[in-house]
2 protein chains.
Amino acid sequence: MRPNCDESIECPCPPVGLIDVVGKKWAMCVVTLLGRNGAVRFGPIQRCLSAVSPATLTSTLRALEHEGLVRRVPLADAGTTHSAYQLTVTGDALYRCLLPLASWLRRS
Amino acid sequence: MRPNCDESIECPCPPVGLIDVVGKKWAMCVVTLLGRNGAVRFGPIQRCLSAVSPATLTSTLRALEHEGLVRRVPLADAGTTHSAYQLTVTGDALYRCLLPLASWLRRS
DNA sequence: CGGAATCCCATACGATACTG
DNA sequence: CAGTATCGTATGGGATTCCG
């Protein structure tokens, strides 16, 4: 997976891994969402993101959890099931790195 | 495709489009590579990026061209076919936005 | 050298239905 | 509410081959 630089030109390399981490369709969207709002529950996230299918959202959240970017917070709340998701310290660092990128996208 | 915010939480939205632009496996890698090295020819790019298949690299470059991030520069060079790729002004702006992200990836 | 054409496969994603 | 289970499809991407 890693580029092997046999050329005199400089080879960046890192960005390849970035795609694996945040290349999922909704991953950066979720990170940005949580970065702005702190802990958010499953339902609101889903409704906010174009009503992404629950299966896809679950997959995205699990991936982000696995990368240590997001933490799941169960909320013991009188009978019904509740839980929320929030960024870890690492996830928040990534979020701040994404800010210039987000503003670049809003260009033009 | 666009998230529709029916919640009180803040909805970022832009990052969804980002995936379409730079979410391709090698897109950001190419942007970073060109950002560091200026104009680079097809062969060196390919060899530098883990020998990515020519079909995939072509697809990536065409997508970046279509987004106005990369420009193809034909080099009329004595018989044989030569060409190089370099970032446009917009592409360079994106490249600079990617820098913090790239350093984040090199963490740990 | 710089691609284009073709084939093939893995899988990400969406839609839907269902459960504790 | 917060997911899980299935299914079907689209497509990104690798390998290979061939061409000007």
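Side-chain atoms are counted along with the backbone in the values below, which use heavy atoms only and exclude waters and symmetry mates. Residue numbers begin at 1 in each chain, while the letters A, B, ... track the order of the sequences.
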Interatomic distance where CG belongs to A/L57 and C1' belongs to C/dA15 [whole Å]: 15 Å
What pair of heavy atoms forms the shortest contact from A/V30 to A/L57, and how long is it? CG2-CD1, 4.2 Å
Minimal non-hydrogen separation, B/C97 against A/P100, with atom names: SG-O, 3.6 Å
So which of residues 62-72 of chain A are in contact with DNA chain D, with a heavy-atom cut-off of under 4.0 Å? A/R62, A/R72
For A/T90 and A/G68, work out which heavy atoms get closest and say how close. CB-O, 3.8 Å
For A/V73, is there any backbone N or O sitting under 3.5 Å from a side-chain donor or acceptor partner on A/S83? no
Quick check against the 3.5 Å criterion: does A/E65 have a side-chain atom that pairs as donor or acceptor with the backbone of A/V70? no
The bend of the helix from C/dC1-D/dG20 to C/dG20-D/dC1, taken between the axes of its five terminal pairs at each end and rounded to 10°, is 50°
Any side-chain N or O of B/R41 less than 4.0 Å from the OP1 or OP2 oxygen of C/dG2? yes
Using 0.5 Å steps for rounding, measure from the CD1 atom of B/I45 to the CZ atom of B/R47. 10.5 Å
Side chain A/T32, main chain A/M28, donor-acceptor under 3.5 Å: yes
Do you know which two heavy atoms are closest between A/L64 and A/A27, and how far apart they sit? CD1-O, 4.0 Å
Check the distance between C/dG14's C1' and A/L49's CG and give it to me in whole angstrom. 14 Å
Over all heavy atoms of both residues, which pair between A/L49 and A/C29 is shortest? Give the atoms and the distance, please. CD2-SG, 3.4 Å
Shortest side-chain distance from A/S83, nucleotide among C/dA4, D/dG3, C/dC1: D/dG3
A/F42 atom CZ is separated from D/dG3 atom C1', nearest whole Å, by 6 Å
Who pairs with B/T58 by side chain to side chain contact (heavy atoms under 4.5 Å, CB included), at least two apart in sequence or on another chain? B/F42, B/R62
Going by the rule side chain to side chain contact (heavy atoms under 4.5 Å, CB included), which residues pair with B/A63 if we only count those two or more places apart in sequence or in a different chain? B/K24
Of the non-hydrogen atoms in A/V52 and A/W26, which two are nearest, and what is the gap between them? CG2-NE1, 3.5 Å
Grab the CD-C1' distance between A/Q46 and C/dC13 for me, whole Å please. 14 Å
Heteroatom pairs (N/O) under 3.5 angstrom, protein to nucleotides 8-11 of chain C:
none

Find the distance A/L61:CG to C/dC13:P and express it as a whole number of Å. 12 Å
Using a 4.5 Å cut-off on heavy atoms from C-beta on, say whether the side chain of B/L34 contacts that of B/Y85. yes
Can you give one letter per nucleotide of nucleotides 5-20 of chain D, 5' to 3': B if a protein heavy atom sits under 4.0 Å from the base, S if only from the sugar-phosphate, - if neither? B-------SBBB---B
